[in-house]
Amino acid sequence: MTAPTLPRPLRKAAAAEIKPLQSPHGGSRLRALDALRLIAALMVALYHYGGRDGDVSRAWGTSPRHEFPTLSDAFAYGCLGVEIFFVISGFVICMSGWGRPLRSFVASRAARLYPAYWAAIVLVTVAFALPWVGYKTVSFSDTLVNLTMLQQPAGAQRVLGVCWTLWAELRFYALFALFVVLPGATRRRVLMFCAVWTLATVVTTASHVEFLRVVVMPEYSSFFIGGIGLYLVHRFGNDLLHWGVVAVSFLVGQHYAVAGLWHVPNPHYFSYRSPYVIVAVVALGYAAVAAVALGKLSWMNWRWLTLAGALTYPFYLVHEHLGWVVIGALHRGLGIPSYATLGLTLALMLGLAWLLHRGVERRLTPALRRSLDPGGARR
């Protein structure tokens, strides 16, 4: 039995959706960014599986520290994959929003985020409703709120633990759309946006005004700004102002990263992260995106990286909660050793991400984008 095919316009749109990121100069495609996305996602997964306590301890049957006595401390730094994600996001959103009408920008972002997200909400809700799984799902009402991606400001419980990062992304998209895309992206306007957002970041921290904290999100803003600055380097070349944006964002951003993750040595905590290592990991993330911006990683042009980048988002959505279920089944249920369970769980979550990409994103993403922006194909 052959699989149904999409109409030709939707097939073309679906193919375009997973194209590797294209340099504005018409040169080599930025497949290296897809590789960085996958690396950041795997960092976060290792953190969730072996670098923290909590619900994952129920999956293993004990603390991951006992399962991975030599690597759990290293896995604990995997949470910094989120900050690297935000740097990449700043780069990509500035690139994709440049010269694009507001409606097209909004349609593109909504179509990219929501189909796989809705599917992940359904999968986790159904899985957690199974009587033998042992994890509680949220209430029916809160599940419905989760479909909007606005559950955090609405005060509803989260179906997906990782969705707090999507709330940060949504706020970044809104700020960038309002102050850059709507009036039209120019180098001067983007530089002004970065400068004002940086100033607002430190003012918000000093003022302790909750509304400003929600809008400006000082803990994460610097990483988005850093990515924007690196895109300016990529688009317009080396310039003191461009590198100034990057340097200031790193100096401010590493402060918030250390403040959020570092604590004095304490046996009651799962892990102790060195502030020097935190700064080093953040610096490596900046350096990797900078290498892409400067064309130093253009040799990473393997076609399979395009698919790797496409799998990153659905993998990120499903890996945590469904990973708990898989870990429990493999390790406690079948008695598979810890490291083998870790590898199998990562592989199975990547396989599920591929199914979501093929079955959901490639079908619904182009259709949703065309519905939200019917004239987009003619522009």
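Source: prediction; values computed, not measured. Heavy atoms only: backbone and side chains are in, while hydrogens, waters and symmetry mates are out. Numbering starts at 1 and runs along the sequence shown.
- Of the candidates W164, F85, F172, Y256, W164 is the only one forming a ring pair (Phe, Tyr, Trp, His ring centres under 6.0 Å) with Y220.
- Within the 4.5 Å cutoff, no side-chain heavy atoms of V281 are placed close to those of E83.
- Taken from CG in L42 to CZ in R37, the straight-line distance is 14.0 Å, to the nearest 0.5 Å.
- W197 and F193 have tilted rings, their planes meeting at an angle from 30° to 60° on a 0 to 90° scale.
- Judged by distance alone, the side chains of R31 and T306 do bring a donor and an acceptor atom under 3.5 Å apart.
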Residues F315, L346; criterion side chain to side chain contact (heavy atoms under 4.5 Å, CB included); working and verdict
CA-CA 9 Å; F315 171 81; L346 289 172; 4.1 Å; yes
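- With hydrogens and angles ignored, the 3.5 Å screen pairs no side-chain donor or acceptor of R65 with any backbone N or O of S72.
- Note that OH of Y313 is 14.0 Å distant from NE2 of H357, once rounded to the nearest 0.5 Å.
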Side chain to side chain contact (heavy atoms under 4.5 Å, CB included) between F86 and V82: does it pass, once the steps are laid out?
CA-CA 6 Å; F86 289 162; V82 170; 3.7 Å; yes
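- Remark: the backbone N or O of V214 is paired with a side-chain donor or acceptor of R171 at under 3.5 angstrom.
- Using a 3.5 Å distance cut-off with no hydrogens or angles, the side chains of S249 and Y286 do pair a donor with an acceptor.
- Partners of R332 by salt bridge (charged side-chain N to carboxylate O under 4.0 Å, His left out), not counting sequence neighbours: none found.
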Could you go through the side chain to side chain contact (heavy atoms under 4.5 Å, CB included) check for L356 and V360 one step at a time?
CA-CA 5 Å; L356 288 173; V360 176; 4.1 Å; yes
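- When all heavy atoms of A308 and L38 are compared, the pair lying nearest together is CB-CD2, 3.8 Å.
- Under the 4.5 Å side-chain heavy-atom criterion for grouping Ile, Leu, Val, Met, Phe, Trp and Tyr, F176 is connected to V289 within one hydrophobic cluster.
- Connection of L251 to L230 is established within a shared hydrophobic cluster, with ILVMFWY side chains joined at heavy-atom distances below 4.5 Å, either directly or through further cluster members.
- The aromatic rings of H242 and F236 lie tilted to each other, with the angle between the two planes from 30° to 60°.
- When hydrophobic clusters are built by joining Ile, Leu, Val, Met, Phe, Trp and Tyr residues whose side-chain heavy atoms come closer than 4.5 Å, directly or via intermediates, W167 is not grouped with V145.
- One distance of note links CG of L33 with CE of M300; it measures 9.5 Å at 0.5 Å rounding.
- Between R213 and E219 there is a salt bridge, since at least one side-chain N of the basic residue sits less than 4.0 Å from a carboxylate O of the acidic one.
- Contact of the L342 side chain with the F75 side chain is registered, since non-hydrogen atoms from C-beta on lie closer than 4.5 Å.
- Here the shortest heavy-atom pairing between C94 and V190 reads SG-CG1, 4.3 Å.
- Partner of T345 under the side-chain contact (heavy atoms from CB on, under 4.5 Å) criterion, out of L330, I336, L350: L330 alone.
- Nearest heavy atoms, M349 versus G323: SD-N, 4.0 Å.
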Is there a side chain to side chain contact (heavy atoms under 4.5 Å, CB included) between T165 and Y316 once you walk through the steps?
CA-CA 11 Å; T165 63; Y316 181 74; 2.9 Å; yes
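- Both cation-pi conditions hold for R58 and Y135: the charged atom is under 6.0 angstrom from the six-membered ring centre and inside a 45 degree cone around its axis.
- In this structure, the separation between CZ on R370 and CG on L368 is 12.0 Å, given to the nearest 0.5 Å.
- Salt bridge D239/R187: present, at least one basic N to carboxylate O contact under 4.0 Å.
- The distance from atom CG of L46 to atom CZ of R52, rounded to the nearest 0.5 Å, is 14.0 Å.
- No chain of hydrophobic side-chain contacts below 4.5 Å, direct or via other Ile, Leu, Val, Met, Phe, Trp or Tyr residues, connects L284 to L261.
- Not a single salt bridge (charged side-chain N to carboxylate O under 4.0 Å, His left out) links D53 to another residue, sequence neighbours left out.
- Using bins of under 30°, 30° to 60° and over 60° for the plane-to-plane angle, the ring pair H234/Y231 lands in the tilted bin.
- Shown here for P115 and T365, the closest heavy-atom pair between the two residues is CG-OG1, 3.7 Å.
- What you find for H331 and P337 is that their closest heavy atoms are ND1-C, 4.0 Å.
- Placement of I278 and F223 within a single hydrophobic cluster is found when ILVMFWY residues are connected by side-chain heavy-atom separations under 4.5 Å, directly or transitively.
- By the side-chain contact (heavy atoms from CB on, under 4.5 Å) test, A76 is found to be paired with S271, R273, residues two or more places apart in sequence or in another chain being considered.
- Distance check: M149 CE to I121 CD1 gives 8.0 Å after rounding to the nearest 0.5 Å.
- Contact of the I93 side chain with the F224 side chain is not registered, since no non-hydrogen atoms from C-beta on lie closer than 4.5 Å.
- Ring-plane geometry between W302 and W304 is classed as parallel, the angle between the planes falling under 30 degrees on a 0 to 90 degree scale with a further cut at 60.
- In the model, S221 has a side-chain atom that pairs as donor or acceptor with a side-chain atom of T201 under 3.5 Å.
- Closest heavy-atom contact between L311 and W354: CD2-CA, 3.3 Å.
- Side-chain polar atoms of Q157 and S139 form no donor-acceptor pair below 3.5 angstrom.
- In this structure, R100 fails the cation-pi test against F105, since its NZ or CZ atom is not both closer than 6.0 Å to the six-membered ring centre and inside 45 degrees of the ring normal.
- Of the options F68, W324, Y49, a ring pair (Phe, Tyr, Trp, His ring centres under 6.0 Å) to W60 is made by F68 and by none of the others.
- Side chain of T125 to backbone of V122: no donor-acceptor contact under 3.5 angstrom is found.
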